[in-house]
Amino acid sequence: MTDTLTKTAGANAPINDTRKAELLSKQVKHIDITSFDARPIIDAMADMSFTSRDLGRATNIYNQMLADKDCSIFLVIAGSTSAGGCMDLYAELVRNNMVDGIVATGATIVDMDFFEGLGHKHFQALEIPDDDTLRSLYIDRIYDTYIDEEALQNVDHTIFEIAESLEPRAYSSREFIREMGKYLVEHGKKDNSLVKLAYEHDVPIFCPAFVDSSAGFGLVKHQVDAAKAGRPYLMIDAVADFRELTQIKIEAGVTGLLMIGGGVPKNFIQDTVVCAEILGHDDVQVHKYAVQITVADVRDGACSSSTLQEAASWGKVNTGIEQMVFAEAGSVMPLLASDAYHRGLWKDRPVHRWGTLFDK
């Protein structure tokens, strides 16, 4: 039997489509937090020790955020949990008014969520050949998860198309991602998309390193093509991101953080307190509630691993209602989110719609 050969990977090497199909044969299934009730598990874990008790405390703090009608909740995401099976979980939080704003990496929003919103999928790695073989098949790997590079290039091109359709000016990442959500409403193939639902519910999404993703490739092509043709082009204004997010913090007053991973998104949302003070808002409140789920090692001095107690020294977070959970987020977030969903404190929350704050 002869394998079907089509596209080339690199200069001359053909892609073995049959082998590629074998490796991309089992889709990642995103967990549905509404399909099971984690309250008994969380209650039991709260009476245990070590990470179990930490998770029980963290879940309790998140429920406190939901119960506090004055509190605006920010979902902060770094890492690859969206690709690994938590994508529908995050979408459910937006759908049920359990978060009011999102700060995330470009990979989370573009390469993972928008990617699936366009109809593409992530796949379980049932076997992992050498990575040079994966490269020859145009398969990208995230630990034990596969992405079809050819599908990812469709994301690059779609971002380019969106950019070409917009007025050539400066946009915050929030503005551009809103256009991505609008695109999915009209052309998307998945209802349960975080980007799409955030657009529909006026939940703003900020990506402080937006171009560090497929968005970057599409936007670079847009700028280069426009420059060659002598046309003006759009750009992403990172300062506007910081200004807008700080404005939300000032208007919101009481805030809570549900953070998965760390890195730039974590520091970005925490820095809004300091920025507000620099703008003369001496009465701005530190983030009242904070939960962080991470596997980063506290010994390396990095932002991802810095404790929430440490953040208090910078005047960013209240030390009274915070909890670090040192665990792989994909293994604990489904329990935390299911518990909060089934306790139902979100049902009486006010709807903030912070995305409308910037409507002209």
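Nearest heavy atoms, V94 versus L194: CG2-CD1, 3.4 Å. When all heavy atoms of M65 and C71 are compared, the closest pair comes out as O-CB, 3.8 Å. Across all their heavy atoms, C207 and I177 have their closest contact at SG-CD1, 3.7 Å. In plain terms, the two heavy atoms of Y146 and L23 that are nearest each other are CD1-O, 3.5 Å. Between S213 and V110, the shortest heavy-atom distance links the atoms OG-CG2, 3.8 Å. Of all non-hydrogen atoms in P204 and G355, the two that sit nearest each other are CD-N, 3.5 Å.
We find that D339 and R343 are joined by a salt bridge, their nearest charged nitrogen and carboxylate oxygen being less than 4.0 Å apart. Salt-bridge check for R19 with E22: passed, with a basic side-chain N closer than 4.0 Å to an acidic carboxylate O. Using a cut-off of 4.0 Å between Lys/Arg side-chain N and Asp/Glu carboxylate O, K26 and D144 are scored as not salt-bridged.
Using a 4.5 Å heavy-atom cutoff, the side chains of T133 and I139 are not in contact. The closest side-chain heavy-atom distance from I15 to E150 is below 4.5 Å. Looking only at side-chain heavy atoms (C-beta outward), Y289 and I73 stay at 4.5 Å or farther from each other. In this structure, I293 and Q323 have side chains that are not in contact, with every pair of non-hydrogen atoms separated by 4.5 Å or more. For the pair L258/M98, no side-chain contact is recorded, criterion being any heavy-atom separation below 4.5 Å from C-beta on. Looking at R349 and L66, their side chains come closer than 4.5 Å, going by heavy atoms from C-beta outward. D156 has its side chain out of reach of K221: every pair of non-hydrogen atoms, C-beta onward, lies at least 4.5 Å apart. You'll find the side chain of M112 reaches within 4.5 Å of the side chain of I142, heavy atoms only.
Every pair passing side chain to side chain donor-acceptor pair (under 3.5 Å) that includes a residue from residues 77-86 is listed here, sequence neighbours excluded: T81-Y90. Identified under the ring-ring contact (aromatic ring centres under 6.0 Å, His included) test for residues 214-260, with sequence neighbours left out: F242-F268.
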- Message: Using salt bridge (Lys or Arg N to Asp or Glu O under 4.0 Å), reason through E149 and K20 one step at a time and then give a plain yes or no.
- Response: CA-CA 11 Å; E149 171 62 25; K20 183 171 184 175; over 6 Å; no
- Between L257 and K266, is a side-chain contact (heavy atoms from CB on, under 4.5 Å) present by the stated rule, with each step listed? CA-CA 9 Å; L257 308 180; K266 172 187 176 182; over 6 Å; no
- Query: Can you check side-chain contact (heavy atoms from CB on, under 4.5 Å) on K121 and V28, steps first, answer last?
  - Reply: CA-CA 7 Å; K121 303 295 180 184; V28 169; over 6 Å; no
- Task: Determine, stepwise, if the pair Y199 / L184 fulfils side-chain contact (heavy atoms from CB on, under 4.5 Å).
- Result: CA-CA 9 Å; Y199 168 79; L184 289 180; over 6 Å; no
- Apply the test side-chain contact (heavy atoms from CB on, under 4.5 Å) to residues K249 and V273: give CA-CA distance (whole Å), side-chain angles for both, the deciding distance (0.1 Å), then the verdict. CA-CA 7 Å; K249 170 58 185 166; V273 178; 4.0 Å; yes
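Tracing side-chain contacts under 4.5 Å through hydrophobic residues (I, L, V, M, F, W, Y), one reaches L166 starting from I159; they form part of the same cluster. By the criterion of side-chain heavy atoms lying less than 4.5 angstrom apart, applied directly or through intervening Ile, Leu, Val, Met, Phe, Trp or Tyr residues, L245 is not grouped with I250; the two fall into different hydrophobic clusters. Following chains of ILVMFWY side-chain contacts shorter than 4.5 Å, one cannot reach L134 starting from L126, and the two form parts of different hydrophobic clusters. Tracing side-chain contacts under 4.5 Å through hydrophobic residues (I, L, V, M, F, W, Y), one never reaches I269 starting from L279; they form parts of separate clusters. Cluster annotation: L234 and V220 are assigned to distinct hydrophobic clusters (Ile/Leu/Val/Met/Phe/Trp/Tyr, side-chain heavy-atom contacts under 4.5 Å, transitive).
The neighbour count for D212 CG, taken as heavy atoms of other residues, nucleotides or ligands under 6.0 Å away, does not exceed 12.
For H120, the ring pair (Phe, Tyr, Trp, His ring centres under 6.0 Å) partners are F115, not counting sequence neighbours. For I41, the side-chain contact (heavy atoms from CB on, under 4.5 Å) partners are M45, L335, not counting sequence neighbours. F210 pairs by the ring pair (Phe, Tyr, Trp, His ring centres under 6.0 Å) definition with F176, not counting sequence neighbours. L357 meets the side-chain contact (heavy atoms from CB on, under 4.5 Å) test with Q247, I248, E251, W354; sequence neighbours excluded. Annotation: ring pair (Phe, Tyr, Trp, His ring centres under 6.0 Å) contacts of F160 (sequence neighbours excluded): H157. For H187, the ring pair (Phe, Tyr, Trp, His ring centres under 6.0 Å) partners at least two apart in sequence or on another chain are Y183. Partners of N192 by side-chain hydrogen bond (donor to acceptor under 3.5 Å, both in side chains), not counting sequence neighbours, listed by chain and number: D88, R95. Scanning for side-chain hydrogen bond (donor to acceptor under 3.5 Å, both in side chains) contacts around D70 gives an empty result, with sequence neighbours left out.
We find the CZ-CD distance between F358 and E244 to be 4.5 Å, quoted to the nearest 0.5 Å. Taken to the nearest 0.5 Å, the CD1 atom of I42 stands 13.5 Å off from the CZ atom of R57. Between H201 atom NE2 and K196 atom NZ the span is 8.0 Å, to the nearest 0.5 Å. Here the straight-line distance linking atom CE of M333 with atom CG of L55 works out to 9.5 Å at 0.5 Å rounding. Note that the CG atom of D54 and the OG1 atom of T59 stand 10.5 Å from one another [nearest 0.5 Å].
For Q64 and N60, the side-chain atoms include at least one donor-acceptor pair closer than 3.5 Å. For the residue pair Q270 / H287, no side-chain donor-acceptor distance below 3.5 Å is found, with atom types taken as modelled. Side-chain contact check for S172 and D237: no donor-acceptor pair (N or O, by modelled atom type) lies under 3.5 Å. Using modelled atom types, one finds no donor on one side chain facing an acceptor on the other under 3.5 Å when comparing D359 with T356. In summary, the side chains of S173 and D241 do present a donor paired with an acceptor at a separation below 3.5 Å, with no hydrogens or angles considered.
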Would you give me the side-chain donor-acceptor pairs under 3.5 Å for residues 325-332, sequence neighbours excluded?
| unit_1 | atom_1 | unit_2 | atom_2 | d |
| --- | --- | --- | --- | --- |
| E328 | OE1 | G330 | N | 3.4 |
| E328 | OE1 | S331 | N | 3.3 |
| E328 | OE2 | G330 | N | 2.7 |
| S331 | OG | E328 | O | 2.6 |

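In summary, of the residues considered (D111, L219, I109, N154), a side-chain contact (heavy atoms from CB on, under 4.5 Å) with S214 occurs for D111 alone.
S72 contributes no side-chain N or O that, together with a main-chain N or O of D100, makes up a donor-acceptor pair within less than 3.5 Å. The backbone N or O of K347 sits nowhere less than 3.5 Å from a side-chain atom of N97 that would complete a donor-acceptor pair.
Apart from V351 itself, the hydrophobic cluster it occupies contains nothing, where clustering links Ile, Leu, Val, Met, Phe, Trp and Tyr at side-chain heavy-atom distances under 4.5 Å.
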